[in-house]
Amino acid sequence: MHAPFEDKTIALGVTGGIAAYKSVELLRLLTKAGARVRVIMTANATWFVGPGTFQALSGLPVCTSVFEEGGASIRHIDWAGETDLAVIAPATANTIGKLANGIADDALSTFMLAVTAPVVICPAMNTHMYEHPAVQRNLDILQGFGHHIVEPDAGSLACGTVGPGRLATPDTIWEAMAALLTPKDFKGRTLLLTAGPTREAIDPVRFVSNPSSGKMGFALAKAAARRGARVILVAGPVSLADPLNVEVHRVESAAEMADRVQALLPEADVVIKTAAVADYRPVHTADHKIKKTEDHLAVTFERTIDILHSIGRQKAHRFLVGFAAETRDLRENARQKLEAKNLDMIVANRIGEAGSGFEADTNKVTLLHRDGREEGLPVMSKEALAHELLSRITERLPSD
Ligand code: CTP
C-alpha cells in the first residue's frame with residue numbers, strides 16, 4: 001500500500017499557465033513512484049514548456065492534438081480507457097470552464113469527457129480570476145462530478161498579485177493522487193499519534209531534549225490519512241511540515257504533550273506513540289538566562305508523566321501501540337514495556353544500528369504482540385514500515 005503508483009497508468013493534462021513548468025516535477029515524482037505517465041498538453045501549454053521535455057521524462061509520446069500524424073486520431077480515446085487516474089496540473093480557468101460545460105474542442109478536453117477514472121484538478125491562475133464567481137461555480141460543478149480539486153496555495157503570483165492562485169506543490173498534488181489510489185481500510189477510524197522529541201526548559205534559552213526527528217510518526221500520520229483515517233497528530237518540536245489531511249497539534253514539553261493527548265484521547269480508536277518523550281525535566285526552570293558564574297552547574301531533574309502508561313490504564317476498547325528505543329536487551333525490555341503499559345503491540349528498535357533509529361530515513365524493527373508473537377521486519381523506509389504497521393493494526397481492530 002505504500003506504493004500506490006506502482007504499475008498504474010496516469011494521464012497528466014497540462015494547460016497553458018506559467019505553472020506548467022511545475023508539472024515537469026510532478027511527472028518526475030510520478031515516474032519515480034513507478035507510474036506510467038501519458039501527457040496530454042493544450043496548445044497554449046506548449047508555449048510554456050515544450051512537449052519534448054515531457055516526452056523525455058515520461059519515455060512516452062506526448063499528445064498535443066486530436067489530429068495526429070498518420071491519421072490515428074483517436075489515441076486520446078484509447079488512452080481514456082487505459083487510465084487509472086487523470087490529473088490536470090496546472091488547470092487554467094479556460095480548461096476548468098470547458099470541463100464544467102462539456103466542451104471538447106481539443107485533445108485534453110475530449111480525453112476528459114471520455115475518461116471514467118478518478119480525476120484530480122489543480123487550478124492555477126491570477127487571484128482575481130480564481131475568485132471570480134464563474135470560476136468558483138465551474139469548480140463546484142467539477143466537484144459535483146466527483147472530481148477532486150487540489151486548492152491552489154496563497155502567495156505572490158507571477159502576475160504580481162498576492163493571494164490564492166499559485167499551483168499547489170508537486171508533493172501536495174502527488175499526495176492527493178496517492179490518496180485516491182489507496183484503499184480506505186481505515187475509514188471511520190480515528191488515530192491519535194504522537195511524534196518527535198519533547199523539550200524540557202532549563203532557562204529561557206536552554207533545554208534538555210533528544211535527537212528524535214519525528215519522521216516515523218509523520219510517516220504513520222501520512223499513511224493513515226491516505227488510508228482513510230481521521231488522524232490527529234500531537235508533535236513535539238520538529239522541522240517537518242503538516243501532512244495533508246492530518247490535524248496537527250504542536251507542543252513543546254512532556255507536560256504539554258500529556259495534556260493534549262489526554263484531551264484528545266476520547267476521540268481515538270487507535271493510539272500510536274512514536275514520540276521520544278523526555279523522562280525527566282528540571283525541577284525548576286530559571287526565569288532568566290543562567291549566567292556562567294560558577295565552575296559547576298547542577299540541575300536537579302524530576303520524572304515527567306509517562307503518557308503511554310497513563311493511557312494504558314484507561315485503555316477501554318482502544319488499540320494501543322508503543323515504540324521502544326533500546327541500546328541493549330531489545331526484546332526483553334520491549335516485552336516488559338508492553339506489559340507494564342498495557343499495550344496491544346510494541347515496535348522495538350535498536351538505537352545506534354545503521355539504517356535504524358532517530359534521524360534515519362529507514363528503520364529496522366521487531367514487533368512484539370500482546371499474544372506473545374514476535375516478528376522481525378527487514379530494514380525498510382519509514383513510509384513502508386508505516387504501512388506495514390497499519391496493516392497489522394487493521395487486522396486486529398474489531399469490525400463495526
Ligand atoms: N512514553 C510516554 N511517556 C513518557 C515516556 C515514554 O508516553 N514519559 C512512551 C513512548 O512514546 C514510547 C514508549 O512509551 O511509545 C516507550 O518509550 P521509551 O522511551 O522507549 O521507554 P520508557 O518507558 O521511557 O523507559 P526507559 O526510558 O527506561 O527505557
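Atoms within a ligand are numbered from 1 in the order they appear, just like the ligands themselves.
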Answer side chain, backbone, both or neither: which part of [X] comes under 4.0 Å from ligand 1, heavy atoms only.
| X | answer |
| --- | --- |
| Leu308 | both |
| Asp306 | both |
| Asn333 | neither |

### Any protein heavy atom nearer than 4.0 Å to atom 28 (O) of ligand 1
no
Could you tell me the residue and atom name of the protein heavy atom closest to [atom], and the distance to it rounded to 0.1 Å?
| atom | value |
| --- | --- |
| atom 25 (O) of ligand 1 | Lys337 CE, 3.5 Å |
| atom 4 (C) of ligand 1 | Val277 CB, 3.5 Å |
| atom 8 (N) of ligand 1 | Ile305 O, 2.9 Å |
| atom 13 (C) of ligand 1 | Phe323 O, 3.1 Å |
| atom 3 (N) of ligand 1 | Ile307 N, 3.0 Å |
| atom 15 (O) of ligand 1 | Lys273 O, 2.7 Å |
| atom 5 (C) of ligand 1 | Asp279 OD1, 3.3 Å |

Number the atoms of ligand 1 from 1 as they appear, then name those within less than 4.0 Å of a heavy atom of [X], with their elements.
| X | result |
| --- | --- |
| Thr304 | 8 (N) |
| Lys341 | 1 (N), 6 (C), 9 (C), 13 (C), 14 (O), 16 (C), 22 (P), 23 (O) |
| Ala275 | 10 (C), 11 (O) |

4.5 Å side-chain heavy-atom contact, [X] and [Y]:
| X | Y | value |
| --- | --- | --- |
| Val277 | Ile307 | yes |
| Lys273 | Leu192 | no |
| Glu383 | Lys222 | no |
| Arg38 | Cys63 | no |
| Ile10 | Leu181 | yes |
| Arg281 | Val208 | no |

### Lys/Arg cation over aromatic Phe186: Arg227, 6.0 Å, 45° cone
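Judged by the rule, Arg227 and Phe186 form no cation-pi pair.
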### Task
Heavy atoms only: give me the nearest Gly165-Leu157 pair and the separation to one decimal.
C-CD2, 3.9 Å
### Message
Could you report the tightest heavy-atom contact between Ile88 and Leu99, atom names first, then the distance?
### Response
CD1-CD1, 3.6 Å
### Task
Would you check whether Arg303 reaches within less than 4.0 Å of ligand 1, judged by its heavy atoms?
no
### Query
Can Ile311 be said to touch ligand 1, with heavy atoms closer than 4.0 Å?
no
### Message
Within the supplied structure, the quantity of interest is the number of heavy atoms (other residues, nucleotides, ligands) at a distance under 6.0 Å from His288 NE2; does it exceed 12?
### Response
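Result for NE2/His288: open.
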### Task
Check whether any N or O atom of Gly322, backbone or side chain, sits under 3.5 Å from an N or O atom of ligand 1, and answer yes or no.
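N/O-N/O distance under 3.5 Å: no.
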### Query
For Val14, which of Val49, Asn44, Val39 qualifies under side chain to side chain contact (heavy atoms under 4.5 Å, CB included)?
Val39
